[in-house]
Amino acid sequence: MQSTAISFSPSISLPKKPHKPSSSASFCRFNPLSQPLRFGSLNGSTSRKINPIRCSADSSSSKLNRNGWISVPAPVPERESEGVEVRATSVPESAGEPPKSKPLMETLVLGSLFGLWYLFNIYFNIYNKQVLKAFPYPVTVTLAQFAVGSVLVILMWTLNLYKRPKISGAQLVAILPLAAVHTLGNLFTNMSLGKVSVSFTHTIKAMEPFFSVVLSAMFLGEFPTLWVLSSLVPIVGGVGLASMTEASFNWAGFWSAMASNLTNQSRNVLSKKFMVRKEESLDNITLFSIITIMSFFLLAPYAFFTEGVKFTPAFLEAAGMNVNQLYTRSFIAALCFHAYQQVSYMILQRVSPVTHSVGNCVKRVVVIVTSVLFFRTPVSPINGLGTGIALAGVFLYSRVKRIKAKAKTE
């Protein structure tokens, strides 16, 4: 189907100075449309007739209006000596439509971000576990990760890869609790990874929705529905079943992972309270960047006080460790640690929190499977069943949250 558009082009030249008519003479304004004009498409399939404009006599006025006729005003010509001609042109129906490749590109970008999110997380867990097995000092390892992240943030701001924020003292005070729980959450995770297998740590961390529901009800007044509570049952039951049959189980690793759940979800709840105030609101990437730098300064004194300077080459060589290998793996783990969290916030800017939660559930499954295959972790049938039930409960929780979100929007 085609639509008709109107174009104007010069066609008829008019005299620059019209002759003055006598008082008794009548005159007729020049009418270029002396014949009926038909509009239609170029192939002439449809047309519409327009009657010609008639001349009019004027014996009382001595002034001539050269800008148009009495019936309809004509467009102002570019030059005084030119008239206008109306011409029908054919315009395709698809003109003005957005290109169809844009949604495809957005899908490809989003899929690439999800792939990078999973890939960085896999490499972080593998290299981090290798470092913690050879170097059992989780506080120093966590400090190194915050140090590399802080350097990356400063470079990002210096090179204008991301806008450097202007932070007031009041904002720093408000962010300080977030940085404290963020520091503890990552420290407890590394403590758990150093004590138990990667798969078991992430199985316990599947209980994050349980802590999220409890803390949201306590501090935000967001009470869960019956469906949300029902989805927590397989999560708790599956984690309990997996814990009873875990070959690498020990209480230090178990409680460290549980403490990580508590602190990480406390950070999320505090972030919601902080982001509510518009005068102090920051985007997620900027907030995470500031928290990373603050976490480094919060943890550094404690690391030096508790574990000392055990990361020096002299200490590592004396302990019989491969210095270059340990430094390389620590650096890669720190890079992946910061990269996967940055990508996670980039995804969160493009999708809803519920979709992000579903993606996080799938990511945990991918990390557990790859770590079991890489480290050849022994998994009994009952242990695998418990892990599967817990992850299925997390997925069910994400679906229930999506239904709740849709009900709110309606």
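All residue numbers refer to positions in the sequence shown, counting from 1.
For Y123, the OH atom counts as loosely surrounded, since its 6.0 Å shell holds 12 or fewer non-hydrogen atoms of other residues, nucleotides or ligands. Enclosure of atom NZ in K133 is not indicated, since only 12 or fewer non-hydrogen atoms of other residues, nucleotides or ligands lie within 6.0 angstrom. Atom CD1 of I382 sits in a sparse spot, with 12 or fewer heavy atoms from other residues, nucleotides or ligands closer than 6.0 Å. Dense packing is recorded around CZ of F124, with more than 12 heavy atoms of other residues, nucleotides or ligands lying under 6.0 Å away. Summarising the local packing, CZ of F331 is surrounded by 12 or fewer heavy atoms from other residues, nucleotides or ligands at distances under 6.0 Å.
At least one donor-acceptor pair under 3.5 Å links the side chain of Y118 to the backbone N or O of G359. A distance-only check finds a donor-acceptor pair linking the side chain of S248 to the backbone of S197 [under 3.5 Å]. Looking only at distances, a side-chain donor or acceptor of T142 sits under 3.5 Å from a matching main-chain atom of P138. At least one donor-acceptor pair under 3.5 Å links the side chain of S231 to the backbone N or O of V228. A side-chain donor-acceptor contact under 3.5 Å links E307 to the backbone of T140. S344 places no side-chain N or O within 3.5 Å of a backbone atom of Y340 that could act as its donor or acceptor partner. No donor-acceptor distance shorter than 3.5 angstrom exists from the side chain of K195 to the backbone of F254, with no hydrogens or angles considered. Judged by distance alone, the side chain of Y127 and the main-chain N or O of A334 form no donor-acceptor pair under 3.5 Å. Put simply, the side chain of N264 gets close to the backbone of S260: a donor and an acceptor are under 3.5 Å apart.
Of all heavy-atom pairs between T203 and S199, the closest is OG1-O, 2.7 Å. Considering all non-hydrogen atoms of both residues, T263 and G185 come closest at OG1-CA, 3.0 Å. Closest heavy-atom contact between I347 and H356: CG2-CD2, 4.0 Å. The shortest non-hydrogen separation linking G194 to L132 is N-CD1, 3.9 Å. Residues V365 and L391 share a closest heavy-atom pair of CG2-CD1, 3.5 Å. When all heavy atoms are compared, the tightest approach of V196 to G253 is CG1-CA, 4.0 Å.
A distance below 6.0 Å separates the ring centres of F288 and H338.
Two residues are said to be in side-chain contact when any heavy atoms from C-beta on lie closer than 4.5 Å; L232 and I235 meet this criterion. Contact check for W157 versus P165: side-chain heavy atoms found under the 4.5 Å cut-off. Under the 4.5 Å side-chain criterion, counting only non-hydrogen atoms from C-beta, N121 is in contact with N125. Using a 4.5 Å heavy-atom cutoff, the side chains of D283 and Y162 are in contact. Taking the side chain as every heavy atom from C-beta outward, L172 and L176 never approach each other to under 4.5 Å. Looking at L262 and S266, their side chains come closer than 4.5 Å, going by heavy atoms from C-beta outward. By the 4.5 Å heavy-atom criterion applied to side chains, F337 and F146 are counted as neighbours. Looking only at side-chain heavy atoms (C-beta outward), F304 and V309 come within less than 4.5 Å of each other.
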Task: Stepwise side chain to side chain contact (heavy atoms under 4.5 Å, CB included) test for N261 and F188 - done: CA-CA 9 Å; N261 289 335; F188 286 134; over 6 Å; no
Open item on the list: Set out, in order, the CA-CA distance, both residues' side-chain angles and the distance that settles side chain to side chain contact (heavy atoms under 4.5 Å, CB included) for T306 and Y137, then state yes or no.
Closed with: CA-CA 10 Å; T306 57; Y137 299 98; over 6 Å; no
TODO: Assess whether side chain to side chain contact (heavy atoms under 4.5 Å, CB included) is satisfied between C336 and I332, documenting all intermediate values.
DONE: CA-CA 6 Å; C336 293; I332 294 176; 4.1 Å; yes
TODO: Could you check M156 against L152 for side chain to side chain contact (heavy atoms under 4.5 Å, CB included), going step by step and ending with a plain yes or no?
DONE: CA-CA 6 Å; M156 185 174 60; L152 291 176; over 6 Å; no
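For the atom pair CE of M346 and CD of Q342, the computed distance is 8.0 Å after rounding to the nearest 0.5 Å. Here CD of Q145 is found 10.5 Å from CG of L335. Values are rounded to the nearest 0.5 Å. Between the CH2 atom of W255 and the CD1 atom of I204 there is a distance of 10.0 Å, given to the nearest 0.5 Å. One finds the CD1 atom of I291 at 10.5 Å from the CG atom of N186 (value rounded to the nearest 0.5 Å). With rounding to the nearest 0.5 angstrom, the CE atom of M207 is 11.0 Å from the CD atom of Q265. Atom CG of N284 sits about 12.0 Å away from atom CD of Q341, to the nearest 0.5 Å.
The side chain to side chain donor-acceptor pair (under 3.5 Å) test with T201 is passed by exactly one of S371, S192, S256: S192.
Using the six-membered ring where Trp is involved, F135 and F315 have ring planes that are perpendicular, over 60° apart on the 30 and 60° scheme. The aromatic rings of F249 and F200 stand perpendicular to each other, their planes meeting at an angle above 60°, with 30° marking the opposite boundary.
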